[in-house]
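Labels below follow one simple rule: chain letters A, B, ... track the order of the sequence lines, proteins then strands, and each chain is numbered from 1. Note that the coordinates shown come from a computational prediction; the quantities given were computed from them, not determined experimentally.
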Amino acid sequence: MTKHSKFEAELRDDLHTLEETTGAPEIFRLAQARNRALAQTEPTSGKLRWPVMGASMASVLLATVLIVQPDSTELSSQVDNQLGTQLATEMIIDDSIELYEDLDFYYWLAETDQNGTS
Amino acid sequence: MKQQTHKASQSQNSIADLAAAPLPYSNVEDFLKFIERRAFHMARINTGDTETALDIVQDAMYKLVEKYSHKTAKEWKPLFYRILSSKLTDYYRRKAIRDKVFIWSKSQTADEDQQFYDPAASAPGRASETPDQMLMRSQRINRLNESVQQLPNRQRQAFMLRCWEGLSTIETAAAMQCSEGSVKTHYSRAMNSLREMLEDYRND
């Protein structure tokens, strides 16, 4: 055995000793990691697949119906919104009428000034 | 450069063609049991931190099971070490960035972990060894641990895969994703450095 290979063999021997003396907590953690990694490959049971899918779809449908269907409180709030919009519209219309009436006055005033100055 | 790329690709192609002695494992679970302790210590020496090493080994296990459990048993070991090497490379890059940004907290936790981690502290020793021999072995292992940690990353990886795991140059090149020539260079330099650092602890 050459000197180089003897040195390698000694190092390898010490490293194997290091491996053999792994602490119990680390061994436990490694076993946990191994089991978790292996668990990701376990196939799901085919027997339960369809009932689970059916229950999931039923839940989705029920949730959709509940969300889409308006209830009484929603109806009343819609009515309130409509009334509010109507009132606001009427107020705007009233304001517009007054504004138009004022505009006639200001036009008359402008003409009077022009005739006076011209 | 082209020759190195060609050689690296040849190394990859030769993984499945490796002549193998009978393997001590026939399924993925047995393989992981076979390799986990060594992988942990390799990662531990590379990172200087027990928790980080456990995380890296777990990630490597996940990746192997997820992506390569369908491969032949001969291919698992080189594939696992390739994954481990990649994870360690990612760790070095993140650490380099973190050390640049948080320069005031550089490697504090890793240093503390190294101070208190004694790889041979729990060693029951071998039945044939005397207490003095056990103590000397413990000191030698500690010194080896420190010396290997001082090696540059690539030399350390080449040393662990070639010397500790016993992979061939081709297998090591595949795991490290480099050419066989690079593996030989890294390994030779690692051995020379270790010999210089450890000559006081060896009975040459």
Side-chain angles (χ1 to χ4, degrees), chain A residues 1-69 71, chain B residues 27-29 31-33 35-42 44-45 50-51 53-55 57-66 69 117 119-126 137-138 140-145 147-148 159-160 162-166 187-188 191-192 194-195 198-199 201-204:
Chain A
M1 185 180 275
T2 63
K3 188 178 182 182
H4 189 69
S5 57
K6 184 186 173 191
F7 179 60
E8 273 185 87
E10 288 174 354
L11 291 181
R12 195 177 297 120
D13 193 44
D14 286 341
L15 290 167
H16 288 166
T17 302
L18 179 65
E19 197 178 323
E20 289 165 9
T21 56
T22 307
E26 285 77 31
I27 293 174
F28 178 72
R29 295 279 297 276
L30 288 168
Q32 275 188 325
R34 180 188 352 116
N35 290 332
R36 284 193 204 117
L38 292 167
Q40 67 177 324
T41 60
E42 287 178 4
T44 55
S45 171
K47 293 180 183 177
L48 294 174
R49 188 174 300 163
W50 289 111
V52 168
M53 283 179 63
S56 302
M57 288 179 66
S59 302
V60 169
L61 281 171
L62 182 62
T64 305
V65 168
L66 290 173
I67 290 169
V68 170
Q69 183 182 4
D71 55 2
Chain B
N27 56 58
V28 175
E29 182 175 359
F31 168 72
L32 293 179
K33 284 181 188 174
I35 211 159
E36 61 192 18
R37 294 188 195 186
R38 187 171 299 175
F40 162 69
H41 284 289
M42 285 186 180
R44 171 70 182 74
I45 290 172
T50 302
E51 289 300 319
L54 288 167
D55 287 342
V57 171
Q58 178 170 292
D59 287 347
M61 287 180 176
Y62 260 95
K63 187 84 177 281
L64 180 83
V65 172
E66 182 189 13
S69 55
Y117 182 83
S122 60
R126 296 180 175 175
R137 179 183 283 276
S138 173
R140 208 164 59 233
I141 290 173
N142 286 336
R143 183 62 184 154
L144 173 60
N145 189 34
S147 300
V148 173
F159 165 74
M160 287 186 173
R162 289 278 290 121
C163 181
W164 194 346
E165 183 54 55
Y187 185 62
S188 174
M191 292 302 289
N192 289 336
L194 287 173
R195 187 183 291 281
L198 296 172
E199 63 181 341
Y201 290 82
R202 296 282 140 191
N203 299 322
D204 288 336

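One finds the CG atom of Asn192(B) at 9.5 Å from the CZ atom of Phe7(A) (value rounded to the nearest 0.5 Å). Expressed to the nearest 0.5 Å, how far CG of Leu18(A) lies from CH2 of Trp164(B) amounts to 5.0 Å. To the nearest 0.5 Å, atoms CG (Leu30(A)) and CZ (Arg37(B)) are separated by 8.5 Å. The distance from the CG atom of Leu144(B) to the OG1 atom of Thr17(A) is 10.5 Å, given to the nearest 0.5 Å. Distance check, rounded to the nearest 0.5 Å: CZ of Arg34(A) to CG of Leu32(B) gives 7.0 Å.
Ion pair Glu19(A)/Arg38(B) flagged as a salt bridge, since at least one NZ, NE, NH1 or NH2 atom sits closer than 4.0 Å to an Asp/Glu carboxylate oxygen. Look at Arg140(B) and Asp13(A) and you find no salt bridge, because none of the NZ, NE, NH1 or NH2 atoms lies under 4.0 Å from a carboxylate O.
One N or O on the side chain of Gln40(A) and one on the backbone of Tyr62(B) form a donor-acceptor pair closer than 3.5 Å.
No option in Arg36(A), Gln32(A), Arg29(A) other than Arg36(A) meets the side chain to side chain donor-acceptor pair (under 3.5 Å) test with Gln58(B).
Of the atoms belonging to Leu64(B), not a single heavy atom falls under 4.5 Å from chain A.
Among the candidates Met160(B), Met61(B), Lys63(B), the residue making the largest number of heavy-atom pairs closer than 4.5 Å to chain A is Met61(B).
Inter-residue side-chain proximity for Met191(B) and Leu11(A) is flagged as met; some heavy-atom pair is nearer than 4.5 Å.
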